[in-house]
Amino acid sequence: MACRGGSGPINEDNARFLLLALFIIIYLLCGAAVFSALEQPKEREAKERWEQRFEHFSQKYNLSKKDLNNFLRNYEEANVAGIRVDTIRPRWDFTGAFYFVGTVVSTIGFGMTTPATIGGKVFLMFYGLLGCAATILFFNLFLERVITVIAVVLKSCHKHRHKKAALASNGQRVSEGNRAGGNGGERGEDLAGWKPSVYCVMFILGMAAIVVSCSASLMYSAAEGWDYLDSLYFCFVAFSTIGFGDMVSSQRAVYEGHATVAYRLGNFFFILTGVCCIYSLFNVISIVIKQVLNWLLRRLDAPCRCCFPRRGHHPHRHPRRNVVAPGHLHARRDPSIETDALNESETDNGRRMSGEMISMKDFLAANKVNLAIMQKQLSEMAIGHPRQSSSNSRQNGFSGGVGALGIMNNRLAETSTDR
């Protein structure tokens with residue numbers, strides 16, 4: 001998959017995409033097998049129990065199965081409209097509607113409340129389009145600020161450890177003048193090029209998500225009467241915006257023994273914080289997944305170098321930047337006005353590579369570049385001229401993207417290459 005014998009190397013983005021698609025398919029098949037083995041016996045048991053109860057009820061009250069089925073269908077229609085056996089809060093008063101729109105724009109979509117009128121369904125299409133886009137942007141901006149805070153903290157810790165190591169190596173505390181003239185320059189350069197490790201950021205975000213989920217589970221267990229494990233399950237389903245709807249918080253009209261208003265505010269706070277933490281964690285985990293894919297591509301590329309030696313290599317021909325090719329072909333190209341800055345950023349001294357995050361300034365600047373690239377591609381497609389790949393492209397080796405996709409593409413470009 002990493003190479004094609006006669007037609008040259010396959011594009012690295014396409015190879016990574018195919019490898020990821022294969023991984024997802026295998027992951028889905030494995031997940032289906034596990035859930036089928038775990039849940040299918042329970043489903044059969046519930047179905048048999050329901051058939052027995054249905055038969056017993058129809059015989060006890062002398063009802064025909066047809067009439068009883070019609071009554072159950074009527075209840076299902078009422079259930080969709082929000083009618084339940086137990087007393088619950090109104091679905092479409094202002095507070096209930098606010099809860100509903102929150103699940104819409106956050107893409108959680110529990111499903112316990114859905115619009116029943118034509119006007120409501122049409123309005124939802126336009127309302128969700130803008131609301132979901134704005135919320136995704138909010139999550140991205142939240143991620144930027146979280147990473148900025150983490151970077152500041154980790155850099156302070158790194159500076160402290162570096163200072164202690166320097167003092168230990170010298171055997172004694174040096175003066176301010178000696179540090180400025182001697183080791184200070186090297187230490188300053190080291191700290192200037194330092195960026196936080198992806199794995200440290202992933203660990204911190206993971207711990208934050210665990211703390212928020214465990215704290216929220218304590219509240220839900222006390223207020224809703226759920227088991228603690230069920231509360232943890234609900235937190236993951238809600239915070240990851242899966243939103244099955246089998247368990248939904250804050251649905252009772254009044255919570256006995258609890259301050260109802262305080263609980264609803266706490267529910268809102270935990271869902272908002274949890275979604276932001278899990279979204280940020282998912283983004284960082286995707287970086288690690290891409291690093292694994294790049295490692296697999298390099299392993300798959302190694303046999304191809306032995307099986308397909310280079311043919312017709314021209315000394316001045318530059319390979320496509322974004323291909324799976326032998327390592328010596330990735331040597332730095334001749335500097336030019338357009339590519340000198342980009343090539344300089346690719347050297348080991350220009351930036352930290354795998355396992356480290358891009359700075360916020362480069363993070364935002366690269367996203368603007370992606371927008372311009374996409375606009376150029378759309379313009380070329382509109383006039384009927386296909387986009388020509390160029391070795392001078394400033395895409396940083398990855399496909400373009402806008403918004404969340406563009407942000408992730410550029411961040412992954414900073415972390416997908418070996419140190």
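Below 30°, between 30° and 60°, or above 60°: for Phe282 and Phe236 the angle between ring planes is above 60°, a perpendicular geometry.
The number of heavy atoms from other shown groups lying within 6.0 Å of CZ (Phe269) does not exceed 12. For Phe268, the CZ atom counts as loosely surrounded, since its 6.0 Å shell holds 12 or fewer non-hydrogen atoms of other residues, nucleotides or ligands. Surrounding CZ of Phe54 are more than 12 heavy atoms belonging to other residues, nucleotides or ligands, all under 6.0 Å away.
Side-chain polar atoms of Asp67 and Ser64 form a donor-acceptor pair below 3.5 angstrom. Arg89 and Ser250 share a side-chain donor-acceptor pair at under 3.5 Å. No donor-acceptor contact under 3.5 angstrom links the side chains of Asp230 and Tyr220, judged on distance only. Defined by atom type and a distance below 3.5 Å, a donor-acceptor pair is missing between the side-chain atoms of Tyr233 and Asp227. Donor-acceptor pairing under 3.5 Å is recorded for the side chains of Ser221 and Ser231.
Applying the side chain to side chain contact (heavy atoms under 4.5 Å, CB included) criterion to Leu218, with sequence neighbours excluded, gives Tyr228. For Glu45, the salt bridge (charged side-chain N to carboxylate O under 4.0 Å, His left out) test picks out Arg49, with sequence neighbours left out.
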Check against side chain to side chain donor-acceptor pair (under 3.5 Å), Gln52 and Glu48
CA-CA 6 Å; Gln52 293 175 0; Glu48 293 176 356; 5.7 Å; no
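Residue Lys47 forms a side-chain contact (heavy atoms from CB on, under 4.5 Å) with just one option from Glu43, Arg44, Glu51, and that option is Glu51.
To the nearest 0.5 Å, atoms CD1 (Ile204) and SG (Cys277) are separated by 12.0 Å.
For the pair Arg264 and Tyr99, the NZ or CZ position fails the cation-pi test of under 6.0 Å to the six-membered ring centre and within 45 degrees of the ring normal.
Looking at Arg16 and Glu12, a side-chain N of the basic residue comes within less than 4.0 Å of a carboxylate O on the acidic one, giving a salt bridge.
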